[in-house]
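Because only heavy atoms are used, hydrogens play no part in the values below, and waters and symmetry mates are left out as well, while side chains stay in.
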Amino acid sequence: MVDPALRAALAAQPLFRQLDPEELDQLAARFQARTLNPGEELFIEGERFPAYFILRAGRLALLRIDADGVERLVRHLQPGEGVGAHALFLDEPRDVTAMAITRVEGWLLERAAFEAFLAERPGLIHRLEIPPDVEARLRAPRFPWLEPEEQVLAAIHRHWISLIPVLLPPLALLLVFIVLTAFLTAQLGWWPALFLNAIPLILLGAQVWNWWDDQYILTTQRIVHIERERWLYVFPGPETRQDMPLEQVQEVQILRRTPLASPYLLDFGDIEVEAFTGRVSFANLPQPEEIRRLIYEQLDRLRALQQARQRYRLQRELRRRLGLEPPPAEAEPAPRPEPPPGWWGRLLLILRAVLRYLLPPIREEVGDRIIYRKHWVALIRSLLWGPPLATGLWILGWLLHLHHVWPVDRLAPGIRWGALILAGILLGVWWWWRYENWRNDEYILTPSQLILSQRLPALMREETQTASLNRIQSVEYTIPSLLARILGYGHVLVRVPGGDFHLRYVGKPRQVQQEITRRMEAYRRRLQEEEAARQRRHIADTLAAYDRLRFGPPGIGPGPHAP
C-alpha cells in the first residue's frame, strides 16, 4: 500500500509531475523511509550520494563550503520539497551538505532503483522535467577517453574567422576554373567542365573538414585540445591531443588581436591558460569570456569540494579521537603464498619465459607498474637496410661456394668454410644486437614516477630518465600517419619543466596518454591527501593536548595548571 502523503509529494515534484497516477504509485513503491536525528547529515558536500530525498517533516539545512573555506547556509528545505535530481542522472559529488536541524522524516529514492524503474519504461524519461543544466550535461558528447565520473562542460571549435585564410586559395582556384569553364564549355562539353569545378569544391570541403576536426573540450577535470589532419585532404592523418588538468590552472587571460574580435562584433579571441608549470594557448575561440567563466566556475567548484572534503575528514578524525566514532576496521591479513609449482608447472614457466623473450608484450603490467615497449614497427625500421642486405650477401656467398663459381673457387675450401661461418656468426650477432636494442628500451609508469630506460645490449650502457608525476605539465599524443593509425602506434610527449619526455613508437598512444594522465591525477590526489592527513593529525593532537590540560587525563580530573 502506497503512502498517500508520498504519492501527493511525488505529484508535486517538478521532476515527476507529468507522470500519471499509476506510474506515481509504481515509483513511490521504490522509495524508502529515512529518519535523521538533529545534527545528523543526510549527505556531505564533496562525496557521492546517488539518491533523491523528499522531506516529510522537520527542518533540513543545505550548507555549502566555498573555495575560501567559509561555510554558508544555502537554504532550508521545506516539507514536501525534494533534493538530489542531479544525483539521479549524473555521477558527481554533492555540492552541498544536508544536515538535520530538528528530527527529520522523509523518503529516499536510490539511483539504482530509479534506473531500474526507467529501464522497465523506456519512453518515460521523455516525460520527466529534467533540470536544464542536467539535460545539457546529458546531451553533451561522450568521448571514449573520459573517466566514468567526468562530464563535458563545453566542446568548442575555432571561430569561423579562422577558416578565411585557408579558404582563400581554393576559392581563387574555383574562380579561375569557372572562368575557364565559360570559355571551354563549347569545346569540351559540360561533363569535363563540371569535373574541373569539382576539384576546388573538394578542396573547400576538405579545409572545412580540417577546421571541424580541431576541437577544444572543457570537462569537469581538465582542458583538452584535439587536432587532426587529413592525408590528401580526405583520409585520416596525424592526430594530436593535449591535456591540462584543471587543478594546475592559475590564471586565464584573453587576447583579442584584431578589432573584429571585439565582443560587440565577431566576439572571438585567444585564451592563454597559466599553469603551475607553464602556459598553454588556445587560438581563435568563439565567446572567450564565456569559456573563461566556465573555467573559473569549475575551478571554484573543485576548490570548494576539496575544502569540504578536508573539513569533514577533520571532523571524523576528531570524532574518532573523542571516542564518538568507532576506529576504522583493521585490514584483513594477506593471503598465504601459493605452493611452488611442480615439474610440469616449472616447464610451462620456462616455455612462457622463452616466448616472452622472443615476443615481448608491447604493454605489460608487473605489480603496480606498467611497462611500455616500442612497437614492432620501430624494430622493422631499424632492420630496414643493413641486416637484410648483409644476409642476402651471405646467402649469395654460400651459393657461390656450393657451386664453385669463379672467383670463389680459387680460394681453399677451408678458407671458404671458415670465412662463411665467421660471417654467419657476425651476422647473427648483428641481428641479435638490433633485436635486443629494440627490446631493451622500456617506458615504465609507476604510481609516482615515469621512467625512460634505454639500454644497449650486453650491459654496455644504460641511460635512465625519471620524472615525478606531480611535475608533469601536460601529456600529448601524436598519431603521425595513416599507416600508424592502421597499425596502432604513435608518439607520446610528456612535458616536464627542464626537459620533455618522448615516448616514441608506443602501441595505442591514446591509451598510454590516458593511463599517464590517470596516474598523474591519482598521485597528486594522494600527495594532497597525505598532506591534509598530516594537518588533520596535527590539529587533532593540538586539540587533544588542550583537552588534557583543561580537563586532565581520562578518569583522573584536571591538572594543577588547569584553568
Quiz prompt | Which residues share a ring-ring contact (aromatic ring centres under 6.0 Å, His included) with Y489, sequence neighbours left out | solution = H375, Y505
Quiz item: Under a 4.0 Å N-O cut-off, is there an ion pair linking R518 with E147?
Solution: yes
Quiz item: Can we call the ring centroids of F89 and F114 under 6.0 Å apart?
Solution: yes
Exercise. Kindly determine whether E530 and R525 satisfy salt bridge (charged side-chain N to carboxylate O under 4.0 Å, His left out), including the steps that lead there.
Key: CA-CA 9 Å; E530 289 175 355; R525 286 195 297 267; over 6 Å; no
Quiz item: Do we see a donor-acceptor contact under 3.5 Å between the side chains of E150 and T219?
Solution: yes
Exercise. Drop me the distance from L88's CG to L15's CG, to the nearest 0.5 angstrom.
Key: 6.5 Å
Practice problem: Would you give the length of the straight line joining atom CD1 of I271 to atom CG of N284, rounded to the nearest 0.5 angstrom? | Solution: 11.0 Å
Quiz item: Is the side chain of W211 donor-acceptor paired with the backbone N or O of R158 at a distance under 3.5 Å, no angle test?
Solution: yes
Practice problem: Mark yes or no: R241 above the aromatic ring of W145, with NZ or CZ under 6.0 Å from the six-membered ring centre and no more than 45 degrees from the axis. | Solution: yes
Quiz prompt | Derivation of the salt bridge (charged side-chain N to carboxylate O under 4.0 Å, His left out) call for E45 and R94 | solution = CA-CA 5 Å; E45 182 181 358; R94 293 285 191 169; over 6 Å; no
Quiz item: So, the side chain of R373 versus the backbone of P361: is there a donor-acceptor pair under 3.5 Å, distance only?
Solution: yes
Exercise. Test E23 against every option in R7, R121, R127, R30 by the salt bridge (Lys or Arg N to Asp or Glu O under 4.0 Å) rule and name the one that passes.
Key: R127
Practice problem: Look at the rings of H225 and Y216 and say which category their plane angle falls in: under 30° parallel, 30 to 60° tilted, over 60° perpendicular. | Solution: parallel
Quiz item: Does the pair Y52 and F16 meet the rule for a ring pair (Phe, Tyr, Trp, His ring centres under 6.0 Å), with working shown?
Solution: CA-CA 12 Å; Y52 186 82; F16 307 118; 5.8 Å; yes
Quiz item: Any luck finding a side-chain donor-acceptor pair between Y372 and E364 under 3.5 Å?
Solution: no
Exercise. Give a yes or no on whether Q287 atom CD has more than 12 heavy-atom contacts from other residues, nucleotides or ligands under 6.0 Å away.
Key: no
Quiz item: Does a donor on one side chain sit under 3.5 Å from an acceptor on the other, for R59 and H76?
Solution: yes
Practice problem: Could you tell me whether the side chain of H157 and the main chain of W212 form a donor-acceptor pair under 3.5 Å? | Solution: yes
Quiz item: Does one side chain, of E129 or Q18, offer a donor that lies under 3.5 Å from an acceptor on the other?
Solution: yes
Quiz item: Between R111, R301, R48, which is the residue that forms a salt bridge (Lys or Arg N to Asp or Glu O under 4.0 Å) with E92?
Solution: R301
Quiz item: Does E274 use its side chain to pair, donor to acceptor, with the backbone of V249 at less than 3.5 Å?
Solution: no
Quiz prompt | Distance (rounded to the nearest 0.5 Å) between R369 CZ and R519 CZ | solution = 10.5 Å
